[in-house]
Every structure is written in structure tokens, then in C-alpha cells.
Amino acid sequence: MHKKNKELARIFEKIADILEFLGDNPYRIGTYRRAANLISELPEDVEELYRTGKLSRLPGIGSSTMLKIEEFLRTGTVKKYEDLRKRVPEDLLDLMDVPGVGPKTLRVAYDKLGVRTKEDFIKALKDGSLAKLPGFGPKKVENILKGIELWRSVQERIPLIEAYPMAEDVVEYMRGEKSVKEISIAGSLRRMKETIGDIDILVAAEKKDWRRIHEHFVKYPEVSKILAKGETKSSVVLRSGRQVDLRTVEPKSWGAALQYFTGSKEHNIRIRDIAKEKGLKVNEYGVFRADTDERLGGETEEEVYRLVGMQWIPPEIRENWGEIELALENSVPELVELKDIKGDFHVHTNWSDGINPIEEVVEQAYRLGYQYIVVGDHSQSARVANGLTPERYREQWKIIDKLNRAYNPKGFYILRGAEVDILPDGSLDLPDEVLEEFDFVVASIHSRFNQDNTYRILKAMENPYVNLVGHPTGRAYGQREGYPLDMEKVIEMAKETGTALEINTFRVDLSPENIRKCVESGVVMAIVTDAHSVAHLPYMKVGVGIARRGWATPDVILNTRDLSGVREFVLSKRKRMAKA
DNA sequence: GCCGTTTTCGGCCCGACTGTTTTCAGTCG
């Protein structure tokens, strides 16, 4: 994320927290929170958007917010925030993130018990003084203490790629309860957000079975704590420290509930707003006429969207970022789907740092129904990854040739590939006469991040044999921010040279924001798993989700092309660069 | 604080769970 966006969003979030503590108008507070949310999700630098005048046109950014943004860009801070923070102990406000603790609780502790710090608060919980206040009791205090424990263990959101298998496992377990009619992942996970706070699961079943379903849910073997258990909603914490929420709805409400619990919040508020204008009411049970409460539908998501007058919107782009306007005009783009994917361009074997033999990797790719796979082990300078010398690649090719003889009759092709290192000066780790013999070449930066990486990548793309830039920005979600990179130049050069940019599933690099820029520029991208184990290969579906979140259509995704299309992509670059 | 071909004032999404209540407040999503 852009640094200024992050800082500004944090200031607005803090203003909201303080105002809430002070008991200000809830709608004003909501406005600050929405602004914070919007700014943190902006695909571009806030300063840039301000300069081009696009900022004030965003929904929820009014004149007062604009003034504060201007002030921030000019001075680096906002006076209102500086004034407000003097009125509340900062330490105390952090506690608002504790599950079960809100502004009212903190305010009472502050007023009645003189609580000023986290330690004060914990002391008030433990010595029973908070429990004595009206509206409080032993249970509430106990829950808050549990909340603090949870909060300390789950401070960070986890990467999509970690959360997804976790959620799939819960879904799989819940299918074991026979009264479950429909089940789906919901929330930010269904929207394929890069990081996930907690996991939402939705189930449709007959009302009489709900209790049994929740009983089953809390018995999931990974559960370490039960936070809540009801007829419609239960929450648990897994041993991994992750919270999972399960909700049950009647089958006739399935679509409305799935729509509702998928979010995003901004998207849903907008949808309900539109519904209201049409005299309708949308909630998790269905779509109703506002005046008579007559139920109009809600069994499927398509029906919900249709009833409010628009086409269905893919979950990955439900962020109120223009998708609703397009849906009203029936012109939401057809996004790339898993079934369009014909191969993977970047996987490792135990020839370098993968854990499986090439034979197993190839077999797994074949079983996924692909038409081709690019075996792309590291090149020699990646010593820690056991990178391959030209001689070892030639040995590997003999095996690839042999495998091809076995698999080609079944319509499956193994391509000679490499993930060649881009060296500090932008040259490549293998000579051209070797690169020429590969079917497909991925080039990536793996070290010396302090160099001019824009230059390195541009230079690598000028090589006629480089077909794909691996994890272009160097970002690895949850581990490393990307290095500074002039993305505009990279996009321009990719387009000019006919080089693809990588959507790396594990690193979420490219990010959805950058993917969207590529889509707009018509730059070709390849979705890859960068699998280091056969178990990683099926995560292509997560990669497709990330691509969809960046509004990627099949035409800009290289994996949607068949083998001859891929060969054509490689050959046309070689021809083009030879001429140039 | 935002927003407006029904409004420049008066609305703003809304239901579930928990614990403390005897009809509801606080928190959450």
C-alpha cells in the first residue's frame, strides 16, 4: 500500500476512535471510518488522486474531509487529530480492538474507575472493580479477559493463501453433517482479499436442524475456544488462533444471506441504498417490498441482484469501486475463471528448491486437467535454492523429453522452462544461447534489492527470450513489502516488448491494484502458483481469485491460451526483438 | 460528516448474540 494512504487512513481511523470514546455523533464517526477504509483501499497514491482532482468525486469524501486531506498532504498531519488525541490516553484507545470491548466500556472505566492505561484496565478487570459497576458482571469481565488474550495472539491478519485452505477444511468437515443443504465461504475470504481477519462460513439448512449444525461446528477438532454458540450464529477460535464464524439460514434465504455476508460492507450499503430508492428492502433473509414487507425473493444471489435491478456481480470485485454502476448497465466484465486455465508457468521441482521429483509435479499438473506445464527451476546464481547450471538444465531436458513421450499422446505437454535470476546489473544468469533453447523463460529478482530494480526489470524484458517477469514488485505478503518500482515504466515496457507480468499466488504479487492497471493497459499476465510442492499446485484457484479481484478478463491472462497460443506468444517476442 | 429530480435539513443498514437486564444496552459484522 502507498505509504501516505496508510498514514492518512490511520489518522482518520484514530479520529473515529477518539470521537466514539467521547460519545460524538455516530454518523460523523461512521463517515471518518468510511473515509479511512476508502483511502486504505485506494489503488493509487492519495496525493496523485488529489492532484488530478479525482479524490473529491469519491463517494463519502465531502468538503470537510477534503480539507483534512489537503492539510495532511501539506503539513503531514491533521490539526483536529492532534487536538483530539490530547484529550484521550492513546494507550487506552488501542483496547478498542479487543473483541468485546467498545467505546462505552472504556468510557465507563475511564470515568468511574480512573482507568488511563492498558494496565489500569486489566487491573480493573482482575480485581473485580469493573464487575461491580452497573451493567457489568462476572461473565462480561471474563469475556473481556478472554478477548484480550485472543487479541494478543491474533494481532495480524493472515495471508489469503494461508486462510483459504483453513476455511476449505472447515467446509469439508461441515459437509459431514447431513442436514447441511448449502455451504460456502463468505466474507473477505470469498472476495479473495489479500489478507484475512477471520473466516466466515455460511450454511443453508432447515430451521429444525440448526441447533444440531452449530453443535457439530463447535466440535470441529481444531477448535480451541468457543466464543459464542446460538441458533443462527456461532464463533470459535481455532488452535491456529484464527476466528471462524458460522451462520445458518433457511434455504429460501440462501442467496440473500450469501450476498449479505460476503460484503464488502461498502458494497452492501450501496446495494441497500439503491434498493431503498426502488421501494425495496434487502436484508440477509431476502428482498422485500418496503411498504408491505411482501417477500419478493432471495433464494439465489442472482435473484437478489436482479430484484434490485442489476446483474450479478462477482464477489471478488464487490468493493463499491465502480462495479455497481456497471452492473446497473449490465456491463460487468466477464472475469477470468478457473475453468479457463490451461496451464501453470512457474513451478519448482527437487532439481532446485522444490520438494517433489519432476515426475510427481508433472503427474499432478496432468491430473488438474491442464494442457501444459512449464517446469521452471532456479538458475545457478540462486545457490541457496540449489540453482541449475546450463549442464544440469540439459540433463533435466532429457527427462522432460522422456516425460513428453509418455504424456503427449494424452494431450499434455511439459515445457522446458527456467526461473532465471536477474542479476544486479540487469543482465541474466544464463547466456542467450542457453535461454534460446527453453520453451518459456521466467526472469525474477531474488537478491540485492537495494539496486535500481526498475532498470533491472526493464533490461531483462529487453531480452528476446524472457517471456514472464516473476513476482515483479518483490512483495511477499506478510513477509516483505515490495521494493520501490516504477510500475508505469514496467507496464509500458511489458507492452512494448511482448513480455508478460506474473500474478504470483503465494506472494500476491502483482497486487490486485497493479493487476487492474495492467488490464487497463492491455498487458498480458500469467497466473502462477510458484509451487514448491505438488500440494501447492491446486492453489491456482486462489491465484485466479486474485486476478479476478484485479478485474482480469480472460484475454489478458496467458494461461487461458492453449499450447499453440503460448508458443505463438513466445515466438512473436523473439521475432519482434530480433527486428528491433 | 455526507448527501439530495420528493429534501440544503434531517435523515443515515440492520439483525443477532451476550449478559445484564424485567425490556435493554453494548458489541459485532
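Naming: A, B, ... by sequence-line order, numbering from 1 per chain.
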Q: By the 4.0 Å heavy-atom rule, please label A:Asp24 as base, sugar-phosphate, or nothing.
A: nothing

Q: Please tell me whether A:Tyr110 and A:Phe21 form a close aromatic pair, meaning their ring centres lie under 6.0 Å apart.
A: yes

Q: Is the shortest side-chain N/O distance from A:Arg28 to OP1 or OP2 of B:dG1 below 4.0 Å?
A: yes

Q: Of all the nucleotides listed (B:dT27, B:dG29, B:dA16), which has the minimum atom distance to the side chain of A:Tyr285?
A: B:dA16

Q: Measure from the side chain of A:Lys281, starting at C-beta and using heavy atoms only, and say which of B:dA16, B:dC12, B:dG15 lies closest.
A: B:dG15

Q: Hey, could you give me the CH2/CD distance between A:Trp254 and A:Glu299, rounded to the nearest 0.5 Å?
A: 11.5 Å

Q: Which base sits across from B:dA16 as a Watson-Crick or G-U pair, both distances under 3.5 Å?
A: B:dT27

Q: Please, which pairs that meet salt bridge (charged side-chain N to carboxylate O under 4.0 Å, His left out) have at least one residue in residues 123-133 of chain A, sequence neighbours excluded?
A: A:Lys123-A:Asp127

Q: Looking only at side-chain atoms of A:Asn143, point me to the closest of B:dG26, B:dG19, B:dC28.
A: B:dG19

Q: Counting heavy atoms from C-beta on, name the nucleotide in B:dC12, B:dG15, B:dG29 closest to the side chain of A:Lys265.
A: B:dG29

Q: Within the 3.5 Å criterion, strictly below it, is a donor on A:Asp509 or A:Thr473 matched to an acceptor on the partner's side chain?
A: yes

Q: Hey, is the side chain of A:Tyr32 poking within less than 4.0 Å of OP1 or OP2 on B:dG1, counting only N and O atoms?
A: yes

Q: Starting the side chain at C-beta, find the nucleotide from B:dG1, B:dG19, B:dC17 nearest to A:Lys140.
A: B:dG19

Q: Between B:dG15 and A:Thr232, is there an OP1 or OP2 to side-chain N/O distance shorter than 4.0 Å?
A: no

Q: If we take the C1' atom in both B:dC12 and B:dT7, what is their distance in whole Å?
A: 13 Å

Q: Taking the side chain as everything from C-beta on, heavy atoms only, tell me whether A:Leu189 gets closer than 4.5 Å to A:Tyr164.
A: yes

Q: Can you see if the side chain of A:Lys68 gets near the phosphate of B:dG1 - specifically, an N or O under 4.0 Å from OP1 or OP2?
A: yes

Q: Pick one for B:dT7: is it syn, with its angle within 90° of 0, or anti?
A: syn

Q: Using the P atom as the point on both nucleotides, what is the distance between B:dT20 and B:dT27, in whole Å?
A: 13 Å

Q: Of the options A:Arg191, A:Arg516, A:Lys265, A:Arg270, which is the one that meets A:Glu319 in a salt bridge (Lys or Arg N to Asp or Glu O under 4.0 Å)?
A: A:Arg191

Q: Given B:dC17, is OP1 or OP2 found less than 4.0 Å from the side-chain N or O atoms of A:Ser235?
A: no

Q: Of the options B:dT20, B:dG1, B:dC12, whose atoms approach the side-chain atoms of A:Lys80 most closely?
A: B:dG1

Q: Would you say A:Thr31 places a side-chain N or O within less than 4.0 Å of OP1 or OP2 belonging to B:dG1?
A: no

Q: Look at all strands and tell whether A:Pro134 reaches a base, only sugar-phosphate, or nothing, counting heavy atoms closer than 4.0 Å.
A: nothing

Q: B:dC12, B:dT20, B:dT18: which one has an atom nearest the side-chain heavy atoms of A:Ala228?
A: B:dT18

Q: If we take the C1' atom in both B:dC2 and B:dC13, what is their distance in whole Å?
A: 16 Å

Q: Say you pick atom P in B:dG1 and the same atom in B:dT5; how far apart are they, in whole Å?
A: 23 Å

Q: Choose from B:dG26, B:dT20, B:dG1 the nucleotide whose nearest atom is closest to any side-chain atom of A:Pro138.
A: B:dT20

